[in-house]
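Computed from a predicted model, the values in this text were never measured in an experiment. Just the heavy atoms: all of them, side chains too, but no hydrogens, waters or symmetry mates, feed the values below. Start at 1 and go down the list; that is how both ligands and their atoms are numbered.
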Amino acid sequence: MMEPEKELRITLIGAGTIGLSFAAFHLSHLPASSHLTIYDTRPNAEQYIRDNLQNFYPKNSSPPSITDLQIATTLPDAVSNAHIIQESGPENLQIKQDLWAEVEKHAKKDALLWSSTSGIPASQQAQRMQNKTRLLVVHPYNPPHIMPLLELVPSPSTSEEVIQRTQDFWRARNRVPIHIHQETTGFVANRLAFALLREAIHLVDAGVVSVAELDGIVESSMGPRWAVAGPFKSYHAGGGPAGLEGFFKNIGETVQGCWSDAGNVNVGDGWEGKVFRQAREAYGTVDVAERDRITRRLLDVLEEEKGRKTLANPSASQ
Ligand SMILES: NC(=O)C1=CN([C@@H]2O[C@H](COP(=O)(O)OP(=O)(O)OC[C@H]3O[C@@H](n4cnc5c(N)ncnc54)[C@H](O)[C@@H]3O)[C@@H](O)[C@H]2O)C=CC1
Ligand SMILES: O=C(O)[C@@H](O)C(=O)[C@H](O)[C@@H](O)CO
């Protein structure tokens, strides 16, 4: 069971891109900013946090007060009173192992311990913990104050109770926590995104399309399609009465042809110069505030139309 909302206290370790985004999200849901503690080893952490948090709220909005936000100066002080502790420190195994070994000494015995990591499994991060059942990867899709997905990736030791409490927490906040059942490299979202990115790089490197043309194709087809119905639902619908089986009966040869002809570029193969130059020429510096404003609007319409609770609980009746 999670603590009653009015008593809930959360600690975030690491106040960079992801940590501050999570801070903005929690500040919009906690009863007061005094319920959130942030700990970061950077010099002038407090000034940095207070100066940069406002960037995570829409322009012309009224961000929640952060007067009473707690900025801890030691790790024990940061974690001793928290019910939930999420680290968003550097993507470095040694740092995360050191962190968890220290956190475990000072945190409440039933505090939830989450890592934001993009790809370091909980089974590796927990190696120096006494109680490995406590650690769970809660991998966000950047930026977590806007993107609803949280990939919950337990190690083989993580307890079912920790997973369930974590799912309950995020569902109650209308987010989409998806339980990933095995510790695969890159979990799932990144694997899918990077598989498409690999083919995209291959097509640009081969001169089939430019960077801007490729993005235009994704943004005007599968982007909106998969925001409304994911790949399996879309192709099941596309197969007519026979569903996905019908789709493969009709199109299976074409699908296999694409799979057999797929590019297999690797980092360092030499495509970088052309692709990076085209990205610079096409986009320069991306206006992330405008990107986030449009993403928020899109997600609001999807939530209105689809009801995110269904997404958050795939087994729920459609
Ligand atoms: N940037 C992204 O798009 C995403 C990142 N992630 C993951 O989130 C984690 C954080 O990534 P970013 O926010 O991008 O990194 P970042 O470099 O922006 O922030 C890391 C923060 O941790 C602080 N830090 C360093 N050592 C520390 C320590 N021992 N204790 C407390 N704070 C410490 C740094 O001062 C910095 O503020 C990584 O594990 C990353 O893989 C996950 C999803 C997306
Ligand atoms: O793309 C994202 O937001 C996340 O899924 C990631 O983990 C990213 O790959 C991140 O590591 C770099 O943007």
>> Would Glu87 count as a contact residue for ligand 1, given that I'm defining contact as a non-hydrogen atom of the residue lying under 4.0 Å from a ligand atom?
In response: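 No, that is not the case, since the closest heavy atom of the residue is not under 4.0 Å from the ligand.
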State the atoms of ligand 1, each with its element, that fall below the 4.0 Å cut-off from a heavy-atom position in [X].
X	value
His139	42 (C), 43 (C)
Ala15	37 (O)
Ser116	6 (N), 7 (C), 8 (O), 42 (C)
Thr117	39 (O)
Pro90	22 (O), 24 (N), 25 (C), 26 (N)
Thr17	13 (O), 14 (O), 18 (O)

Which protein heavy atom lies closest to [atom], and at what distance to 0.1 Å?
atom	value
atom 31 (C) of ligand 1	Ile13 CG2, 3.6 Å
atom 27 (C) of ligand 1	Thr41 OG1, 3.2 Å
atom 19 (O) of ligand 1	Gly16 CA, 3.3 Å
atom 35 (O) of ligand 1	Asp40 OD1, 2.6 Å
atom 10 (C) of ligand 2	Ser118 OG, 3.7 Å
atom 43 (C) of ligand 1	Pro140 O, 3.4 Å
atom 38 (C) of ligand 1	Gly89 O, 3.2 Å
atom 5 (O) of ligand 2	Asn190 OD1, 2.8 Å
atom 44 (C) of ligand 1	Ile18 CD1, 3.6 Å
atom 40 (C) of ligand 1	Ser118 OG, 3.6 Å

Which atoms of ligand 2 have any heavy atom of [X] under 4.0 Å away?
X	value
Phe194	9 (O)
Tyr141	1 (O), 2 (C), 3 (O), 4 (C), 5 (O)
Asn142	2 (C), 3 (O)
His139	4 (C), 5 (O), 6 (C), 7 (O)

> Is any NZ, NE, NH1 or NH2 atom of the basic residue among Lys249 and Glu245 found under 4.0 Å from an Asp or Glu carboxylate oxygen of the other?
Replying inline: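 No.
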> Are Arg134 and Asp110 close enough for a salt bridge, meaning some N to O gap below 4.0 Å?
Replying inline: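 Not counted as a salt bridge, because no side-chain N and carboxylate O are separated by less than 4.0 Å.
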Got [X] and [Y] here, is their nearest side-chain heavy-atom distance under 4.5 Å?
X	Y	answer
Tyr39	Thr73	no
Thr295	Met147	yes
Ile13	Leu75	yes

> Between Phe25 and Arg173, is there a cation-pi geometry (under 6.0 Å to ring centre, at most 45° from the normal)?
Replying inline: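 Cation-pi check for Arg173 and Phe25: fails.
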>> Does the Lys NZ or Arg CZ of Arg171 fall within the cation-pi geometry relative to Phe169 - under 6.0 Å from the ring centre and within 45° of the axis?
In response: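 Geometry flag: not set, cation outside 6.0 Å or 45°.
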> Taking the six-membered ring for Trp, are Trp271 and Phe276 ring centroids under 6.0 Å apart?
Replying inline: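 When the ring centroids of Trp271 and Phe276 are compared, they turn out to be within the sub-6.0 Å range.
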> What do you reckon, are the aromatic ring centroids of His139 and Trp170 less than 6.0 Å apart?
Replying inline: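 No, they do not, as the ring centres are separated by 6.0 Å or more.
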>> Considering both backbone and side-chain atoms of Asn142, is one of its nitrogen or oxygen atoms within less than 3.5 Å of a nitrogen or oxygen in ligand 1?
In response: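 Yes.
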>> Below the 3.5 angstrom mark, is there an N/O of Arg42, backbone or side chain, next to an N/O of ligand 1?
In response: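 Indeed, backbone or side chain, Arg42 has an N or O that close.
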>> Going by a strict under-4.0 Å cutoff (protein heavy atoms only), does atom 13 (O) of ligand 2 have a neighbour on the protein?
In response: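 Under 4.0 Å from atom 13 (O) of ligand 2, zero protein heavy atoms found.
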> Would a 4.0 Å cut-off, counted as strictly less than, catch a protein heavy atom around atom 15 (O) of ligand 1?
Replying inline: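 When distances to the protein are checked, atom 15 (O) of ligand 1 has no heavy atom within 4.0 Å.
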> Are Ser123 and Ser155 close enough that a side-chain donor and a side-chain acceptor fall under 3.5 Å?
Replying inline: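 Ser123 vs Ser155: no donor-acceptor pair found between side chains.
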> Do side-chain atoms of Glu151 reach the backbone of Val138 as a donor and acceptor pair under 3.5 angstrom?
Replying inline: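 No; zero donor-acceptor contacts below 3.5 Å.
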> So, does His83 use its side chain to make a donor-acceptor pair with the main chain of Arg9 at under 3.5 Å?
Replying inline: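 Pair found, side chain donor or acceptor close to backbone of Arg9.
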>> Testing Ile10, Leu135, Ile84, Leu152 one by one against Trp114 for a side chain to side chain contact (heavy atoms under 4.5 Å, CB included), which residue passes?
In response: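 Answer to the side chain to side chain contact (heavy atoms under 4.5 Å, CB included) test with Trp114 among Ile10, Leu135, Ile84, Leu152: Ile84.
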>> Less than 4.0 Å is my threshold; does some heavy atom of Glu91 fall inside it relative to ligand 2?
In response: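 Heavy atoms of Glu91 never come under 4.0 Å of ligand 2.
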> His35 and Leu8: which non-hydrogen atoms are nearest, and at how many Å?
Replying inline: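 Looks like ND1-O, 2.6 Å.
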> Closest heavy-atom contact between Ser21 and Pro143?
Replying inline: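 Of all heavy-atom pairs spanning Ser21 and Pro143, the closest is OG-C, 3.6 Å.
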>> Please work out, at 4.0 Å between heavy atoms, whether the side chain, the backbone, both, or neither of Phe187 comes within that distance of ligand 2.
In response: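 Answer for Phe187: neither.
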> Out of curiosity, does Phe232 fall in the hydrophobic cluster containing Leu192 (side-chain heavy atoms, cut-off under 4.5 Å, transitive links)?
Replying inline: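 No, Leu192 and Phe232 fall in different hydrophobic clusters.
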